[in-house]
Asker: 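Here it is, the structure, as structure tokens.
Each residue takes its place number in the sequence, starting with 1.
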Amino acid sequence: MATGLKTQLTGQIGEHLVTAELGRRGIIATPFAGNVPEIDILAYANGISSKIQVKAINGVSWQFDIRRFLEIELTKTRQKVIGKNKQLDRKLICIFVDLGEKLGQDEFYIFRYGWLQDYFNKTYSGRELPKNIKSYHCAIWKKDMQRHKENWKLIEREFKL
């Protein structure tokens, strides 16, 4: 089980790895160290600025509260998906980082938040009910993210590189 300190360090390392990689690609980037909701890095190149959300792990999946992505109605016997959370910034760039065992073994998964919302909309609706009906836990695994692995072309298009 992850401790608070380990979770903080994982997030910090992920944000700085992404910031460094953006710099290597000619993009000025600065991390906010968790102080700005939904924005971990502000990046700028070619007159274009963009917000970036970073999520880092030391494991096999990224964990979330489904209510970030979907509107859920709780009844006595089930959770029902009402629709997508319309407040979610579907165009926000996300870079998920799987921290490698050693330097240089890190993996980056790059996509827009809208894709993740669509993924959860599709997969959450048909899932088995949790033992605790009030649990809104959801996750996405690396195996489900393979098409976004090292997708730096999204960054190149965003900043017209």
Asker: The test is side-chain contact (heavy atoms from CB on, under 4.5 Å); show your working for Ser50 and Ile93 and say whether it passes.
Answerer: CA-CA 8 Å; Ser50 189; Ile93 293 174; 3.9 Å; yes
Asker: Are the side chains of Ile95 and Phe111 in touch, meaning some heavy atoms are under 4.5 Å apart?
Answerer: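 No, too far: nothing below the 4.5 Å cut-off.
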Asker: Side chain of Asp40, backbone of Glu15: donor and acceptor closer than 3.5 Å?
Answerer: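 A pair under 3.5 Å: no.
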Asker: Is it the case that over 12 heavy atoms from other parts of the model lie below 6.0 angstrom from the CG atom of Leu103?
Answerer: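 No, not enclosed.
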Asker: Which atoms form the tightest heavy-atom contact between Tyr119 and Ala139, and what is the distance?
Answerer: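 Minimum heavy-atom contact is CE2-O, 4.3 Å.
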Asker: Identify the two heavy atoms, one from Trp62 and one from Ile57, that lie closest to each other, and give their separation to 0.1 Å.
Answerer: CD1-CG2, 3.3 Å
Asker: Are the side chains of Lys80 and Ile72 in contact, using a 4.5 Å heavy-atom criterion?
Answerer: no
Asker: If hydrophobic clusters are built by linking Ile, Leu, Val, Met, Phe, Trp and Tyr wherever their side-chain heavy atoms come under 4.5 Å apart, do Ile28 and Leu42 end up in the same one?
Answerer: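 No, Ile28 and Leu42 fall in different hydrophobic clusters.
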Asker: Quick one, Ile52 and Leu22 - any side-chain contact, counting heavy atoms below 4.5 Å?
Answerer: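 Yes, side chains in contact.
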Asker: Salt bridge (charged side-chain N to carboxylate O under 4.0 Å, His left out), that's the test. Do Asp118 and Arg90 meet it? Break it down for me.
Answerer: CA-CA 10 Å; Asp118 293 343; Arg90 292 183 50 85; 3.1 Å; yes
Asker: Please assess Asn58 against Lys6 for the test side-chain contact (heavy atoms from CB on, under 4.5 Å), listing each intermediate value before the final yes or no.
Answerer: CA-CA 10 Å; Asn58 282 313; Lys6 184 172 179 164; 3.8 Å; yes
Asker: Hydrophobic clusters here meaning ILVMFWY residues chained together by side-chain heavy-atom distances under 4.5 Å, can you tell me if Val54 and Leu99 are in one?
Answerer: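 Val54 clusters together with Leu99.
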Asker: Treat each ILVMFWY residue as a node, draw an edge where side-chain heavy atoms are under 4.5 Å apart, and state whether Phe159 and Trp152 are in one component.
Answerer: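 The answer is yes; both residues are in one hydrophobic cluster.
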Asker: When you compare the side chain of Thr19 with that of Thr30, does any pair of heavy atoms fall below 4.5 Å?
Answerer: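 With C-beta onward as the side chain, the pair stays apart.
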Asker: Rounded to the nearest 0.5 Å, what separates atom CG in Leu161 from atom CD1 in Ile155?
Answerer: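 So the CG of Leu161 and the CD1 of Ile155 are separated by 9.0 Å.
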Asker: Side-chain donor-acceptor pair under 3.5 Å between Gln12 and Thr10, yes or no?
Answerer: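 Per modelled atom types, Gln12 and Thr10 side chains form no pair under 3.5 Å.
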Asker: Looking at every heavy atom in both Ile27 and Ala45, which two are closest together, and how far apart are they?
Answerer: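 Minimum heavy-atom contact is CG1-CB, 4.0 Å.
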Asker: Would you say Tyr124 ends up clustered with Met145 if hydrophobic residues are merged whenever their side chains have heavy atoms under 4.5 Å apart, either directly or through other cluster members?
Answerer: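 In one cluster: yes.
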Asker: I'd like to know whether CD of Glu150 has more than 12 heavy-atom contacts from other residues, nucleotides or ligands below 6.0 angstrom.
Answerer: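 Yes, because the 6.0 Å sphere around CD of Glu150 holds more than 12 heavy atoms from other groups.
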Asker: Taking all non-hydrogen atoms of both residues, which atom of Glu38 and which atom of Leu92 are closest, and how far apart?
Answerer: O-CD2, 3.5 Å
Asker: What I'd like to find out is whether the side chain of Gln146 reaches to under 4.5 Å of the side chain of Tyr109, using heavy atoms alone.
Answerer: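 Heavy-atom side-chain distance check passes, below 4.5 Å.
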Asker: Report yes if the side chains of Ile13 and Asp106 come closer than 4.5 Å at any heavy-atom pair, otherwise no.
Answerer: no
Asker: Using a 4.5 Å cut-off on heavy atoms from C-beta on, say whether the side chain of Gln79 contacts that of Tyr136.
Answerer: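 Answer yes - side chains close enough.
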Asker: Just so I know, are the side chains of Ile39 and Phe32 near enough to count as touching, which here means a heavy-atom distance under 4.5 Å?
Answerer: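 They are in contact (side-chain heavy atoms under 4.5 Å apart), so the answer is yes.
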Asker: Ring centroids only, cut at 6.0 angstrom: are Phe108 and Phe96 within range, meaning strictly under it?
Answerer: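 Ring-ring flag for Phe108/Phe96: false, centres at least 6.0 Å apart.
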Asker: Using the side-chain hydrogen bond (donor to acceptor under 3.5 Å, both in side chains) definition, which of the options Gln53, His148, Glu158 pairs with Arg112?
Answerer: Glu158
Asker: When you measure from the side chain of Gln117 to the backbone of Asn85, do you find a donor-acceptor pair of N or O atoms at a distance under 3.5 Å?
Answerer: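 Flag set: sc Gln117 to bb Asn85 pair under 3.5 Å.
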Asker: If we ignore hydrogens and angles and just use 3.5 Å, is the side chain of Asp65 paired with the main-chain N or O of Arg67 as donor and acceptor?
Answerer: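 Checked: pair present.
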Asker: Check step by step if salt bridge (charged side-chain N to carboxylate O under 4.0 Å, His left out) holds for Asp89 and Lys51.
Answerer: CA-CA 10 Å; Asp89 181 355; Lys51 307 173 290 188; 3.2 Å; yes
Asker: Does the Glu107 side chain pair with the main chain of Lys142, one donor and one acceptor, at a distance under 3.5 Å?
Answerer: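 Not a single qualifying donor-acceptor pair exists.
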Asker: Any chance the rings of Tyr113 and Phe69 have centres within less than 6.0 Å?
Answerer: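 Yes, ring centres under 6.0 Å apart.
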Asker: At what distance, to the nearest 0.5 angstrom, does SG of Cys94 lie from CG of Leu154?
Answerer: 9.5 Å
Asker: Taking all non-hydrogen atoms of both residues into account, name the closest pair between Phe64 and Lys55 and its distance.
Answerer: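 Heavy-atom minimum between the residues: CE2-CE, 4.1 Å.
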Asker: Which heavy atom of Asp144 sits nearest a heavy atom of Trp115, and at what distance?
Answerer: O-CH2, 3.7 Å
